[in-house]
Amino acid sequence: MPELPEVEVVRRGLVTHLTGATLRDVDVLHPRTGRRYPGGSAALAQALEGATIAKIDRRGKYLWCVLVGESTHLTPSLAPALLIHLGMSGQLIIDDGAASLLPHCRMHAHIGKGRSVSFVDQRTFGYLTIDKLLWEPRTERWIPSLAQHIAPDPLEEGFDMVATVRELRRHRVPLKNALLNQEIISGVGNIYADEALWAARLHGTRLASGLSYAQLTTVLTEVQAVMRRALAVGGTSFDALYVNAAGEPGYFARSLHAYGKVGEPCDRCGTPLVSMVVGGRSHTYCPSCQKLPARTR
DNA sequence: CCAGAGACCTGAAGGC
DNA sequence: TGCCTTCAGGTCTCTG
């Protein structure tokens with residue numbers, strides 16, 4: 001559920017409250033939360049103790065806090081970013097620290113001025129770890145080593161539309177799957193993939209390798225457009241599983257045209273939308289606007 | 001190298 | 001009413 005727009009909304013909220021903050025009394029409360037950190041959750045909590053957050057950055061669905069270590073436990077070889085992936089249900093909540101632990105709280109730390117930060121994650125697909133940053137010459141950015149395999153996202157400066165189209169055409173897989181492949185383009189999840197395909201009038205089972213440069217440019221342009229619109233209203237929330245750093249939902253769900261709308265009339269032509277499984281993921285589309293061509297393979 | 005399937009996890013929703 | 005099954009989704013890992 002948290003896809004690029006939702007993660008960016010979270011990042012912006014954290015910039016306000018975490019920049020310059022020092023983490024104290026760090027607790028990592030679930031073994032799966034620290035599973036990507038050598039030594040696990042207890043070692044992670046110890047390593048984060050006393051770390052100060054200098055900057056908060058993002059690529060696709062990966063979020064990271066650049067750390068400046070006053071911490072004696074931050075080993076130089078592992079400095080200097082706290083990498084956060086929200087998984088399916090992760091939330092980062094800033095509060096005044098007075099209340100007891102939130103339900104499904106997986107990490108908690110004090111950040112000064114009586115405030116605290118909580119990582120809440122019902123399904124524990126998310127994780128926190130400490131990772132080193134590596135210089136990426138192509139985009140001139142420092143990127144965590146665990147996100148090295150992730151392609152630039154469609155809203156970052158270094159995003160190369162032409163190169164991404166070329167990469168999409170290399171893959172003989174359904175376009176829907178190609179859009180969800182974070183190594184081709186990052187930040188796209190099931191919601192925005194379905195929305196962009198609907199807007200581009202393309203069926204998700206069309207092979208990426210079989211589409212024209214113009215068609216692929218159109219769908220990528222729609223990915224950018226739908227994400228910008230979602231970002232402007234705080235992202236997409238269906239339930240309490242996605243909220244910003246202040247615990248508030250986003251309002252893009254009311255603007256969706258395809259995702260989660262099986263059986264409802266298409267907003268363009270009125271034909272009821274249908275759903276099918278593509279590459280193990282549900283794909284909701286308009287059978288009239290998003291036609292499969294006669295020759296599909 | 002590339003594609004596809006399974007594993008991980010919890011709570012909501014549906015079936016009987 | 002209540003138990004059981006199914007589903008949802010993002011990534012990582014394994015298999016073919």
Which whole-number value in Å describes the distance from [X] [atom1] to [N] [atom2]?
{"X": "A:Ile191", "N": "C:dG9", "atom1": "CD1", "atom2": "P", "result": "8 Å"}
{"X": "A:Arg59", "N": "C:dT11", "atom1": "CZ", "atom2": "C1'", "result": "17 Å"}
{"X": "A:Leu179", "N": "C:dG10", "atom1": "CG", "atom2": "C1'", "result": "15 Å"}
{"X": "A:Leu86", "N": "C:dT11", "atom1": "CG", "atom2": "P", "result": "10 Å"}
{"X": "A:Glu3", "N": "C:dA8", "atom1": "CD", "atom2": "C1'", "result": "13 Å"}
{"X": "A:His149", "N": "C:dG10", "atom1": "NE2", "atom2": "P", "result": "14 Å"}
{"X": "A:Ile150", "N": "C:dC12", "atom1": "CD1", "atom2": "P", "result": "6 Å"}
{"X": "A:Arg36", "N": "C:dG10", "atom1": "CZ", "atom2": "C1'", "result": "12 Å"}

- Task: Fit a plane to each ring of A:His283 and A:His203, take the angle between them on a 0 to 90° scale, and name the class: parallel (under 30°), tilted (30 to 60°) or perpendicular (over 60°).
- Result: perpendicular
Looking only at side-chain N and O atoms, does [X] come under 4.0 Å of OP1 or OP2 in [N]?
{"X": "A:Tyr259", "N": "C:dG9", "answer": "yes"}
{"X": "A:Gln182", "N": "C:dG10", "answer": "no"}
{"X": "A:Tyr127", "N": "C:dT11", "answer": "no"}

- Message: Return a single string for nucleotides 2-11 of chain B, one symbol per nucleotide in 5' to 3' order, where B is base contact, S is sugar-phosphate-only contact and - is none, cutoff 4.0 angstrom on heavy atoms.
- Response: SSS---BBBS
- Compute whether any side-chain donor of one residue and acceptor of the other, for A:Asp121 and A:His104, lie under 3.5 angstrom apart. no
- A:Thr164 versus A:Phe159, closest heavy-atom pair with distance: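 Heavy atoms only, the tightest pair is OG1-CE1, 3.3 Å.
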- Message: Using every non-hydrogen atom in the two residues, find where A:Ser282 and A:Asp194 come nearest and quote the distance to one decimal.
- Response: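 Minimum heavy-atom separation between A:Ser282 and A:Asp194: O-OD2, 4.0 Å.
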- Query: Got a donor-acceptor contact below 3.5 angstrom from the A:Arg106 side chain to the A:Gln122 backbone?
  - Reply: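 Yes, the answer is positive, given that a donor and an acceptor are paired below the 3.5 Å cut-off.
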- Query: Salt bridge check: are A:Asp153 and A:Arg58 linked by an N-O gap of less than 4.0 Å?
  - Reply: yes
- Calculate, to the nearest 0.5 Å, the distance between atoms CG and NE2 belonging to A:Asp95 and A:His108 respectively. 6.0 Å
- Task: Look up atom CG in A:Leu273 and atom OG1 in A:Thr284, then write down how far apart they are to the nearest 0.5 Å.
- Result: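 If I round to the nearest 0.5 Å, the distance is 7.5 Å.
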- Axial bend angle, the helix from B:dC2-C:dG16 to B:dC16-C:dG2: five-pair end segments, nearest 10°: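 One end axis against the other gives 60°.
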- Those residues that, when tested against A:His257, pass ring pair (Phe, Tyr, Trp, His ring centres under 6.0 Å) (two or more places apart): A:Trp198
